[in-house]
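Here the structure comes first, spelled out in structure tokens, and everything after it is commentary.
Heavy atoms only: backbone and side chains are in, while hydrogens, waters and symmetry mates are out. Residues: numbered from 1 along the sequence shown.
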Amino acid sequence: LFVPKNVAAGTHTIIPRGAGAYPFSKDPKAAKKPNITLTEPSNAVTFTVRAAPLRIVLDTKGGNLKQDGQLEIEVTANRQNGYQGPITIALDSPPGLKISSSPATLNAKESKVKLMLKAAKDSPPGAAADLFIHARATELKEASEVDEPLAITIVK
């Protein structure tokens with residue numbers, strides 16, 4: 001569940017709904033029941049949004065990553081709302097993209113880190129979808145997570 005940056009801090013409740021084909025006839029004895037679209041709610045989901053402890057800024061240096069190549073990106077973590085602790089930075093990439101990077105940790109005095117992205121020989125060329133830089137800040141045993149979309153293109 002990705003929560004947009006403009007959602008106010010506090011407790012929120014959502015009720016997801018699902019829809020699908022369902023065989024139905026007004027006549028319960030009918031041999032053939034045509035499909036209708038049935039929409040049903042799930043159980044309510046309650047979650048808490050906390051004020052973000054940081055904001056992530058990415059410099060992709062042009063954003064082109066060659067197949068079987070590497071691209072160094074710079075991640076800046078701007079601490080906010082009084083957060084002074086360590087920050088873990090990692091790449092969140094779907095397996096199909098075949099892009100990897102080692103995670104990094106920023107101590108309380110650091111705000112920038114460089115990540116080296118590596119693409120496999122058979123990484124699919126084109127704009128990389130669902131690629132994020134994931135930052136995790138832990139304060140008083142509670143983790144806050146911030147994801148920033150990473151816009152890169154895999155080129156031959």
Side-chain angles (χ1 to χ4, degrees), residues 1-21 37 39-156:
L1 174 65
F2 284 98
V3 179
K5 294 176 185 178
N6 62 347
V7 173
T11 301
H12 302 272
T13 300
I14 61 172
I15 301 175
R17 293 184 301 173
T37 300
T39 302
E40 289 287 325
S42 75
N43 294 335
V45 177
T46 301
F47 59 96
T48 301
V49 175
R50 293 189 294 269
L54 55 107
R55 187 173 54 86
I56 300 295
V57 178
L58 305 176
D59 181 0
T60 62
K61 313 265 191 319
N64 288 329
L65 174 59
K66 290 185 178 182
Q67 289 174 320
D68 198 28
Q70 298 181 7
L71 173 67
E72 183 180 78
I73 64 167
E74 186 173 89
V75 180
T76 303
N78 296 313
R79 288 173 171 79
Q80 55 191 25
N81 299 314
Y83 183 70
Q84 297 298 320
I87 300 168
T88 303
I89 306 287
L91 176 69
D92 186 0
S93 175
L97 289 179
K98 300 181 181 178
I99 298 174
S100 63
S101 178
S102 296
T105 300
L106 295 169
N107 66 35
K109 295 180 182 178
E110 296 174 311
S111 63
K112 292 185 180 188
V113 67
K114 292 181 180 181
L115 293 181
M116 185 64 72
L117 306 181
K118 298 175 185 172
K121 286 181 183 180
D122 57 346
S123 288
D130 297 325
L131 192 61
F132 296 89
I133 293 298
H134 181 81
R136 182 180 178 100
T138 304
E139 187 172 33
L140 300 174
K141 298 183 181 180
E142 295 242 356
S144 293
E145 298 176 351
V146 176
D147 291 313
E148 186 66 30
L150 178 59
I152 64 166
T153 303
I154 301 169
V155 294
K156 291 185 179 190

Point to revise | N/O donor-acceptor pair under 3.5 Å between Ser123 side chain and Leu97 backbone | key: yes
Study note, to complete from the structure: Here the gap from Leu115 atom CG to Thr60 atom OG1, rounded to the nearest 0.5 Å, amounts to 12.5 Å
Review point. Quick one: CG on Asn64 to OG1 on Thr153, what's the gap to the nearest 0.5 Å?
Key: 5.5 Å
Practice item. Using a 4.5 Å cut-off on heavy atoms from C-beta on, say whether the side chain of Asn43 contacts that of Ile15. Key: no
**Study point:** Distance in Å, Thr13 OG1 paired with Phe47 CZ, rounded so as to fall on 0.5 Å steps
**Key:** 8.0 Å
Point to revise | Shortest non-hydrogen separation from Ala129 to Pro94 and the atoms involved | key: O-CG, 3.7 Å
Check your understanding: Below 4.5 Å, heavy atoms only, C-beta onward: do Ile99 and Leu91 meet side chain to side chain?
Key -> yes
Practice item. Decide yes or no for Asp59 and Ile73: does some side-chain heavy atom of the first lie under 4.5 Å from some side-chain heavy atom of the second? Key: no
Study note, to complete from the structure: Here the side chain to side chain donor-acceptor pair (under 3.5 Å) pairs for residues 65-86, sequence neighbours left out, are none
**Study point:** Considering all heavy atoms, the nearest Pro124-Gly96 contact
**Key:** CD-O, 3.4 Å
**Study point:** Result of checking Thr88, Asp92, Asp147 against His134 for side chain to side chain donor-acceptor pair (under 3.5 Å)
**Key:** Asp147
Review point. With sequence neighbours left out, which residue pairs that include part of residues 98-118 fulfil the side chain to side chain donor-acceptor pair (under 3.5 Å) condition?
Key: Lys98-Asp122
Point to revise | For Ile87 against Ala135, the heavy-atom pair lying closest together | key: CG2-CB, 4.1 Å
Exercise for review: For Ala19, check side chain to side chain contact (heavy atoms under 4.5 Å, CB included) against everything at least two apart and list the hits.
Suggested key: Thr37, Thr39
Check your understanding: Where is the tightest heavy-atom contact between Ala52 and Val146, given as atom of each residue plus distance?
Key -> CB-CG2, 4.4 Å
Study note, to complete from the structure: dist Leu150:CG -> Leu117:CG (nearest 0.5 Å) comes out at 6.0 Å
